[in-house]
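We name chains A, B, ... by the order of the sequence lines, and we start the count at 1 in each one.
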2 protein chains.
Amino acid sequence: MSTVETADADSGGSLHQRILSDISEKILSGAWAPGHRIPFEHELTTEYNCSRMTVNKALSQLAKAGLIERRRRSGSFVRRPQSQAAVLELHDIRIEVEALGLPYRYERLEQLKRRSNAEDRALLGLSAAGSVLWIEGLHFAGQRPFALEQRLINLSAVPEAGDEEFLEIAAGPWLIGRVPWSEAEHRIRAMAADKAIADALDIDPGAPCLVVERRTWSAEHPVTHVRFIYPAESHTLVARFTPSHG
Amino acid sequence: MSTVETADADSGGSLHQRILSDISEKILSGAWAPGHRIPFEHELTTEYNCSRMTVNKALSQLAKAGLIERRRRSGSFVRRPQSQAAVLELHDIRIEVEALGLPYRYERLEQLKRRSNAEDRALLGLSAAGSVLWIEGLHFAGQRPFALEQRLINLSAVPEAGDEEFLEIAAGPWLIGRVPWSEAEHRIRAMAADKAIADALDIDPGAPCLVVERRTWSAEHPVTHVRFIYPAESHTLVARFTPSHG
DNA sequence: CGTTTCAATATGTATATACATAATCGCCGT
DNA sequence: ACGGCGATTATGTATATACATATTGAAACG
């Protein structure tokens with residue numbers, strides 16, 4: 001009955017991708033509740049008019065992603081969802097520094113408007129080329145470098161930024177209030193300082209650093225990618241959570 | 001001529017699983033640095049004496065896990081570390097490891113019941129003395145240490161934990177489900193590995209590590225303090241969120 | 001000299017097929 | 001009724017094969 005030509009979400013072009021997305025749509029929308037047995041491979045085979053390997057690839061991925069559970073001889077079943085989201089609060093660096101009782105200062109090191117290259121697009125999550133603004137600057141706590149900031153701004157999303165000179169105020173505070181962000185993603189990792197970073201932060205090359213990268217979107221449009229590099233001694237991130245409902 | 005019969009790690013029985021785990025071992029150990037081109041599919045085909053589909057399955061999974069990047073006509077390359085480590089949620093290391101497609105294992109190193117000293121009380125946020133349980137253990141991804149765990153449990157809050165032997169399951173999963181946590185706090189920082197940590201994680205002393213500390217409360221009572229130490233190469237925390245949590 | 005075209009190449013996807021493995025159902029004998 | 005055992009079934013893994021697609025490098029061309 002339910003043939004497939006009408007499928008709306010073509011999320012990757014490939015057939016197994018579409019099978020996967022069709023099924024996860026059913027699960028995430030609640031149409032197929034936890035415990036529901038999804039069609040057997042051979043049924044999907046005839047429904048999508050494809051080979052079992054193709055169906056198997058989709059179902060295997062769903063199983064690995066934890067959306068379904070597969071049992072030999074019995075079939076595949078929708079699993080109970082079990083993720084626990086949490087909120088991470090990251091402070092503005094000025095506030096962090098001032099909370100330490102130290103005078104805050106920002107100093108721009110470099111600023112450059114250019115056409116986005118492949119790496120820029122990867123960082124921002126852009127598919128097409130366009131103008132970007134690259135800024136590097138240093139946050140000081142007293143006399144001491146507190147964090148190095150490397151920022152990329154998508155000028156297609158925020159053209160006004162192209163006319164600004166971020167000499168003594170960082171682009172972060174400027175962006176907030178001008179561009180309402182709808183989503184953000186943080187990546188946090190440790191890294192050994194290379195020579196350039198060590199020089200900027202006045203630490204030894206090879207010393208451990210905390211790296212926080214943040215990507216921000218405003219209504220699906222990538223706005224900015226920023227990387228903060230902290231000397232390990234100077235920084236600890238604090239994130240507070242309260243549990244969410246299961 | 002490097003045939004495979006000598007391979008040590010038989011991680012899942014299936015061939016593509018072993019290929020996957022062999023390669024990720026090379027990457028996580030640093031033997032194949034970021035940017036390194038891994039063998040072509042047809043080369044692995046002859047090395048493992050199997051079909052291209054089998055190799056392809058392993059490499060596709062590695063690509064989906066984010067360990068490698070595949071480029072048509074050019075080959076497959078080790079990506080900069082960003083072990084697609086789920087969302088910064090309840091920090092279950094088993095899930096992180098399995099998301100990489102690697103077999104997970106936990107091994108207890110040390111366990112000790114004692115009366116809390118001043119440092120214990122500071123870590124847990126206790127005002128009065130009492131019994132605590134100290135546990136140190138290692139989380140493995142395949143053959144490789146993935147994270148070192150140092151945990152302190154407040155036995156006044158969770159007396160049953162005193163009768164447990166956390167030999168092959170970490171205390172984290174055990175605590176969840178037994179003790180409903182009401183609040184948690186994370187501290188994230190970078191650190192250079194000292195000798196003991198370097199030994200445990202099989203990395204060089206002084207190498208940068210990511211340290212995630214988590215304190216958990218249940219109805220105002222401190223429950224546990226845990227410290228996870230990751231080699232920098234193997235880990236990136238990812239936290240994603242939206243501003244107004246409807 | 002720059003541009004266009006084309007063939008080579010590695011990956012991406014899909015096929016039909018085969019056999020292994022685990023779990024279940026139902027038959028059977030005691 | 002009961003327990004065991006084989007047949008059935010769905011998934012798990014692997015194969016050889018085929019063609020699509022993206023990208024590179026080099027040859028051909030204006």
Side-chain angles (χ1 to χ4, degrees), chain A residues 4-5 7 9-23 32 35-79 117-119 121-122 127-129, chain B residues 4-5 7 9-23 32 35-79 98 101-103:
Chain A
V4 174
E5 309 90 35
D10 180 23
S11 65
S14 61
L15 219 191
H16 73 261
Q17 265 297 323
R18 199 179 74 199
I19 299 175
L20 189 153
S21 100
D22 283 358
I23 294 177
W32 288 352
H36 179 266
R37 211 211 74 225
I38 76 174
F40 295 130
E41 291 188 349
H42 71 264
E43 295 176 297
L44 293 169
T45 275
T46 65
E47 182 175 337
Y48 285 90
N49 189 36
C50 66
S51 77
R52 189 169 79 89
M53 278 300 294
T54 304
V55 170
N56 183 279
K57 192 166 187 177
L59 295 191
S60 300
Q61 286 189 36
L62 281 170
K64 197 138 78 70
L67 276 184
I68 68 172
E69 181 189 343
R70 314 202 70 191
R71 286 202 292 273
R72 281 172 148 127
R73 173 64 215 252
S74 307
S76 305
F77 301 83
V78 177
R79 294 220 318 178
N117 58 35
E119 192 190 341
R121 289 195 292 276
S127 47
Chain B
V4 174
E5 310 89 34
D10 180 24
S11 53
S14 60
L15 219 189
H16 73 262
Q17 262 296 325
R18 199 180 72 199
I19 300 176
L20 189 152
S21 109
D22 282 358
I23 293 177
W32 288 353
H36 179 266
R37 210 210 74 226
I38 77 173
F40 295 129
E41 291 189 349
H42 70 265
E43 295 176 296
L44 293 169
T45 275
T46 64
E47 182 175 338
Y48 284 92
N49 190 35
C50 66
S51 76
R52 189 168 78 90
M53 279 299 294
T54 304
V55 170
N56 184 279
K57 192 166 187 177
L59 295 192
S60 300
Q61 286 188 36
L62 281 170
K64 196 140 79 71
L67 278 184
I68 67 172
E69 181 190 342
R70 314 201 69 192
R71 286 201 291 272
R72 281 172 147 127
R73 172 64 215 252
S74 308
S76 304
F77 299 82
V78 177
R79 296 222 315 179
E98 287 173 348
L102 291 173

Undergrad: Select from Cys50(A) and Leu59(B) the residue whose nearest nucleotide in DNA chain C is closer to the 5' end of that strand.
TA: Leu59(B)

Undergrad: Check the pair Phe77(A), Arg71(A) against side chain to side chain contact (heavy atoms under 4.5 Å, CB included), reporting the backbone distance first and the verdict last.
TA: CA-CA 8 Å; Phe77(A) 301 83; Arg71(A) 286 202 292 273; 3.4 Å; yes

Undergrad: From dT11(C), dA16(D), dG12(D), pick the nucleotide closest to the side chain of Ser51(B)?
TA: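 Among the listed nucleotides, the one closest to the side chain of Ser51(B) is dA16(D).
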
Undergrad: In whole angstrom, give the distance that lies between atom CZ of Arg18(A) and atom C1' of dG12(C).
TA: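 Between C1' of dG12(C) and CZ of Arg18(A): 17 Å.
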
Undergrad: Kindly give the heavy-atom pair with the smallest separation between Glu41(A) and Asn56(A), and that separation in Å.
TA: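 Taking every non-hydrogen atom into account, OE2-ND2, 2.9 Å.
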
Undergrad: Working note: Thr45(A) + Thr54(A), criterion side chain to side chain contact (heavy atoms under 4.5 Å, CB included); need CA distance, chi angles, decisive distance, verdict.
TA: CA-CA 8 Å; Thr45(A) 275; Thr54(A) 304; over 6 Å; no

Undergrad: Find out whether Tyr48(B) and Val55(B) are in side-chain contact, i.e. whether some heavy atom of one side chain is under 4.5 Å from a heavy atom of the other.
TA: no

Undergrad: Phe77(B) has an atom CZ; how far is it from atom C1' of dT11(C), in whole Å?
TA: 12 Å

Undergrad: Pair Leu59(B), Ile23(B) - check side chain to side chain contact (heavy atoms under 4.5 Å, CB included), show working.
TA: CA-CA 9 Å; Leu59(B) 295 192; Ile23(B) 293 177; 3.7 Å; yes

Undergrad: In whole Å, what is the span from the CD atom of Glu41(A) to the P atom of dT15(C)?
TA: 13 Å

Undergrad: What's the closest nucleotide to the side chain of Arg70(B) if the choices are dT11(C), dA16(C), dA10(C)?
TA: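 The listed nucleotide nearest to Arg70(B)'s side chain is dT11(C).
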
Undergrad: Could you please name the option among dG12(C), dA10(C), dA14(D) that lies closest to any side-chain atom of Leu15(B)?
TA: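 Closest nucleotide to the Leu15(B) side chain: dA14(D).
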
Undergrad: Give the nucleotide from the list dT13(D), dT11(C), dT24(C) with an atom nearest to the side chain of Ser74(A).
TA: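 Comparing dT13(D), dT11(C), dT24(C) against the side chain of Ser74(A), the answer is dT24(C).
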
Undergrad: Distance check needed: dT13(C) P versus Ile19(A) CD1, whole Å only.
TA: 13 Å

Undergrad: What distance separates Ser76(A) OG from Ile68(A) CD1, expressed to the nearest 0.5 Å?
TA: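 CD1 of Ile68(A) is found 4.5 Å from OG of Ser76(A).
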
Undergrad: Need to verify one output field. Residue with the more 5' nearest nucleotide on DNA chain D, Arg71(A) or Met53(A)?
TA: Arg71(A)

Undergrad: Atom NE2 of His42(A) to atom C1' of dA16(C): distance rounded to whole Å?
TA: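 After rounding, the gap between these two atoms is 18 Å.
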
Undergrad: Between Lys57(A) (NZ) and dA14(D) (P), how many Å, whole number?
TA: 14 Å

Undergrad: I'd like a list of close polar pairs between nucleotides 19-21 of chain C and the protein, N/O only, cut-off under 3.5 Å.
TA:
from, atom 1, to, atom 2, distance (Å)
dT21(C), O2, Arg72(A), NE, 3.0

Undergrad: Find the distance between CG (Leu20(B)) and CG (Leu15(B)) and round it off to the nearest 0.5 Å.
TA: 11.5 Å

Undergrad: Could you go over nucleotides 6-8 of chain D and give all protein N or O partners under 3.5 Å, atom names and distances?
TA:
from, atom 1, to, atom 2, distance (Å)
dT8(D), O2, Arg73(A), NH1, 2.8

Undergrad: Rounded to the nearest 0.5 Å, how far apart are CG of Leu44(B) and NE2 of His16(B)?
TA: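 Those atoms lie 14.5 Å apart.
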
Undergrad: Can you tell me how far P of dT15(D) sits from OH of Tyr48(B), to the nearest Å?
TA: 13 Å

Undergrad: What is the distance, rounded to the nearest whole Å, between atom CD of Gln61(A) and atom P of dG12(C)?
TA: 12 Å

Undergrad: At less than 4.0 Å, is any side-chain N or O atom of Ser76(A) found next to OP1 or OP2 of dT11(D)? Yes or no.
TA: yes

Undergrad: Rounded to the nearest 0.5 Å, what's the gap from CD on Gln61(B) to CD on Gln61(A)? Could you check?
TA: 8.0 Å

Undergrad: Test: salt bridge (charged side-chain N to carboxylate O under 4.0 Å, His left out). Region: residues 54-64 of chain A. Which pairs qualify, not counting sequence neighbours?
TA: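 Listed once each, the pairs would be none.
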
